[in-house]
Amino acid sequence: TKISKPSPSSRTTTARRLVSSSAVNTKVCPHCSNGFTDQATLQKHINSLHKRPFTCVFHFAGCDKVFANKNEWKRHVWAQHLNLHYWLCTNGACGHASNQEGGDYSKDPTHGRIFRRKDLFTQHIRRMHAPAHVVKAEKDKNLPPDWVAQEKMMQNRAVRQRCELPLFMRCPAQNCRLEFNNATKTWDNRMEHVAIHLERAASNEEPAVLFGGANDVELTEWASSLNVNVIELTTGGWKTCQPLKATRVELCEAPSIDT
């Protein structure tokens, strides 16, 4: 059998591949040993996968979520824990007791179905309370303008405020007891400020930030208060809880700052 020698061009191509392959591993991640072609790509990898400085403010109550992005961190706390607002459907059967005889829904509603997010409420009214032509139009992604306007009114009518944010807080970072007393901006101002400490702590420039407990009395007292109730003290310590567990309630029992 005749064995042909590789051509010069073939050897050159192979050499290039070897150089290219070795170049991929010139920058190695110290956390997972993956290789990268340059420092910028390596740093982007570390920041997105290994450097997650933003720990949930309710870490002391059992939430172990961490984030690389500040806005994702803030969104998580707001949507998953605070639940300041909810949407209450009182349309049709949702507004009346399940055992009501005859299905007469012309009377004033006595019950409601709770939704933690506006998008979930919107999905519900489209599925359960929209006319047939709207249901078909949604499948075609072409909702009629008159329904869009009606849907917006239903959303505005359904929204309820469950509780209010704290008006006074302190920074929980070690050696920083900055006070926040900015009315409705108190919560967000503190989050923005604490984010700086978290980033510094992740770079070993400062001690770790410890939220909650005796170190963060204002957060602990507010979050565990009866009308907020997003954390509770158990025999095993603090734990997060969901204040909007019920999906169907009597209107007199629906949480509201007005009651």
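Start at 1 with the first residue, then count along the sequence.
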How close do Cys56 and Val77 get, heavy atom to heavy atom, and via which atoms? SG-CG2, 4.3 Å
When you measure from the side chain of Arg190 to the backbone N and O of Arg170, does any donor-acceptor pair fall under 3.5 Å? yes
Lys185 vs Leu167 side-chain heavy atoms within contact, under 4.5 Å: no
Interatomic distance, Phe168 atom CZ to Glu179 atom CD [nearest 0.5 angstrom]: 4.0 Å
Salt bridge (charged side-chain N to carboxylate O under 4.0 Å, His left out) for Arg126 and Glu151? Distances and angles first, verdict last. CA-CA 9 Å; Arg126 288 179 184 177; Glu151 187 175 84; 2.7 Å; yes
State, without any angle test, whether Glu164 and Asn227 hold a side-chain donor-acceptor pair at a distance under 3.5 Å. no
Ser224 versus Trp238: any side-chain heavy-atom pair under 4.5 Å? yes
Met169 side chain reached by Leu219 side chain, heavy atoms, under 4.5 Å: yes
Within the 3.5 Å criterion, strictly below it, is a donor on Gln155 or Thr122 matched to an acceptor on the partner's side chain? yes
Group every Ile, Leu, Val, Met, Phe, Trp and Tyr by side-chain heavy-atom contacts under 4.5 Å, then state whether Phe67 and Trp78 land in the same group. yes
Exam field: side chain Asn229 to backbone Pro243, donor-acceptor pair closer than 3.5 Å: no
Separation of Met128 CE from Asn91 CG (nearest 0.5 Å): 11.0 Å
Between Leu82 and Leu165, is any pair of side-chain heavy atoms under 4.5 Å apart? yes
Are any side-chain N or O atoms of Thr234 and backbone N or O atoms of Gly236, one a donor and one an acceptor, separated by less than 3.5 Å? yes
Check: Gln242 side chain, Leu244 main-chain N or O, donor-acceptor pair, under 3.5 Å: yes
Can you name the ring-ring contact (aromatic ring centres under 6.0 Å, His included) partners of Phe54, sequence neighbours left out? Trp73
Quick check against the 3.5 Å criterion: does Thr90 have a side-chain atom that pairs as donor or acceptor with the backbone of Gly95? no
For the side chain of Arg177 and the backbone of Gln174, is there at least one donor-acceptor N/O pair under 3.5 Å apart? no
Same apolar cluster: Val66 and Val57, side chain cutoff 4.5 Å: no
What distance do Glu232 atom CD and Leu226 atom CG have between them, rounded to the nearest 0.5 Å? 11.5 Å
Report whether Leu210 and Phe58 are members of the same hydrophobic cluster (ILVMFWY, side-chain heavy atoms less than 4.5 Å apart, transitive linking). no
Residues sharing Met154's hydrophobic cluster, by side-chain heavy-atom contacts under 4.5 Å among ILVMFWY, directly or via others? Trp87, Phe115, Leu120, Phe121, Ile125, Val134, Leu143, Trp147, Val148, Val159
Side chain to side chain contact (heavy atoms under 4.5 Å, CB included) assessment of Asp119 paired with Arg117: CA-CA 6 Å; Asp119 62 319; Arg117 303 200 319 253; 2.9 Å; yes
Test log, rule side chain to side chain contact (heavy atoms under 4.5 Å, CB included), inputs His111 and Leu251: CA-CA 5 Å; His111 290 67; Leu251 293 186; 5.5 Å; no
Cys63 side chain near His76 side chain, heavy-atom distance below 4.5 Å: yes
Under the criterion ring-ring contact (aromatic ring centres under 6.0 Å, His included), I'd like the reasoning laid out for Phe211 against His59: C-alpha separation, chi angles, the key distance, then a yes or no. CA-CA 7 Å; Phe211 293 103; His59 178 76; 8.8 Å; no
Would Thr55 and Asp64 count as a side chain to side chain contact (heavy atoms under 4.5 Å, CB included) here? Give the steps. CA-CA 7 Å; Thr55 57; Asp64 58 1; over 6 Å; no
Value rounded to 0.5 Å, distance of CG in Leu88 from CD1 in Ile114: 6.0 Å
Between His85 and Arg160, is the side chain to side chain contact (heavy atoms under 4.5 Å, CB included) condition met? List the steps. CA-CA 6 Å; His85 299 89; Arg160 301 287 190 277; over 6 Å; no
Presence of salt bridge, Lys74 and Glu192, under 4.0 angstrom: yes
Point-to-point distance, once rounded to the nearest 0.5 Å, from CD1 of Ile196 to SG of Cys171: 9.5 Å
What closest approach, in Å, do Asp146 and Pro144 show between heavy atoms, and which atom pair accounts for it? OD1-CB, 3.1 Å
Report yes if some heavy atom in the side chain of Pro172 is under 4.5 Å from a heavy atom in the side chain of Val194; otherwise report no. yes
For residues Glu206 and Asn175, determine if any side-chain heavy atom of one lies less than 4.5 Å from a side-chain heavy atom of the other. no
What is the minimum heavy-atom distance between His129 and Cys94, and which atoms define it? NE2-SG, 3.5 Å
Considering only residues two or more places apart or on different chains, which pairs with a residue in residues 170-197 satisfy ring-ring contact (aromatic ring centres under 6.0 Å, His included)? Phe180-His193, Trp187-Trp222, His193-His197
Nearest heavy-atom approach of Ala61 to Ile231 is CB-CG2, 3.8 Å
Side chains of Asp216 and Phe60 in contact at under 4.5 Å (non-hydrogen atoms): no
